[in-house]
Amino acid sequence: MTSDETGTVTGTKDKDYNLLWFVEACLSNALRLDTYIDDAEREDDQELVELFRKAQAESRKGAEQGKALLATRLGTAS
């Protein structure tokens, strides 16, 4: 699916919007995984706990990388 939206509707170029969305999605995922970790711990399923913790670490990593890129592009420190 291709769209011609290049910021005329949102006021933000697609690539910038995509970066903002990516950071938000990573942060949201890290928060959601906290619940999943708690659920797995309550059921004493260490295999799931480990999987969700690894996924959470990757989400945090993605968020930090995205925030750093945003800071660079905005000309501010993160």
Side-chain angles (χ1 to χ4, degrees):
M1 181 170 134
T2 305
S3 172
D4 291 331
E5 210 300 288
T6 59
T8 55
V9 174
T10 63
T12 305
K13 289 184 179 182
D14 288 349
K15 66 182 184 74
D16 297 332
Y17 179 90
N18 294 345
L19 180 56
L20 290 166
W21 176 89
F22 173 77
V23 171
E24 188 280 331
C26 287
L27 292 170
S28 179
N29 196 49
L31 285 172
R32 183 177 300 111
L33 282 159
D34 244 7
T35 299
Y36 298 171
I37 290 165
D38 290 345
D39 291 347
E41 285 176 335
R42 190 172 32 261
E43 295 296 321
D44 198 30
D45 190 332
Q46 291 307 307
E47 187 175 30
L48 272 181
V49 169
E50 183 178 326
L51 173 68
F52 294 149
R53 283 192 176 143
K54 285 179 182 178
Q56 188 179 51
E58 290 301 316
S59 290
R60 286 181 178 144
K61 180 180 174 183
E64 290 304 316
Q65 290 173 334
K67 289 188 316 185
L69 187 53
L70 275 172
T72 299
R73 290 178 178 214
L74 293 173
T76 61
S78 58

Side chains of residues 37-45: which donor-acceptor partners sit under 3.5 Å, not counting sequence neighbours?
from: D39; atom 1: OD1; to: R42; atom 2: NH2; distance (Å): 2.3
from: E41; atom 1: OE2; to: R53; atom 2: NH2; distance (Å): 2.4
from: D45; atom 1: OD1; to: E47; atom 2: N; distance (Å): 3.4
from: D45; atom 1: OD1; to: L48; atom 2: N; distance (Å): 3.1

* Contact list for residues 9-33, test ring-ring contact (aromatic ring centres under 6.0 Å, His included), sequence neighbours left out -> none
* To do: Please identify each residue that fulfils side chain to side chain donor-acceptor pair (under 3.5 Å) with E58, with sequence neighbours left out.
  => none
* Value rounded to 0.5 Å, distance of CD in Q65 from CG in L70 -> 12.5 Å
* Would you sort out whether E50 and K54 count as a salt bridge (Lys or Arg N to Asp or Glu O under 4.0 Å), showing the intermediate values? => CA-CA 6 Å; E50 183 178 326; K54 285 179 182 178; 3.1 Å; yes
Validation: residues 23-36 side-chain donor-acceptor distances under 3.5 Å, sequence neighbours left out:
from: N29; atom 1: ND2; to: S59; atom 2: OG; distance (Å): 2.7
from: D34; atom 1: OD1; to: Q56; atom 2: NE2; distance (Å): 3.1

* **salt bridge (charged side-chain N to carboxylate O under 4.0 Å, His left out) partners for K61, two or more places apart** => none
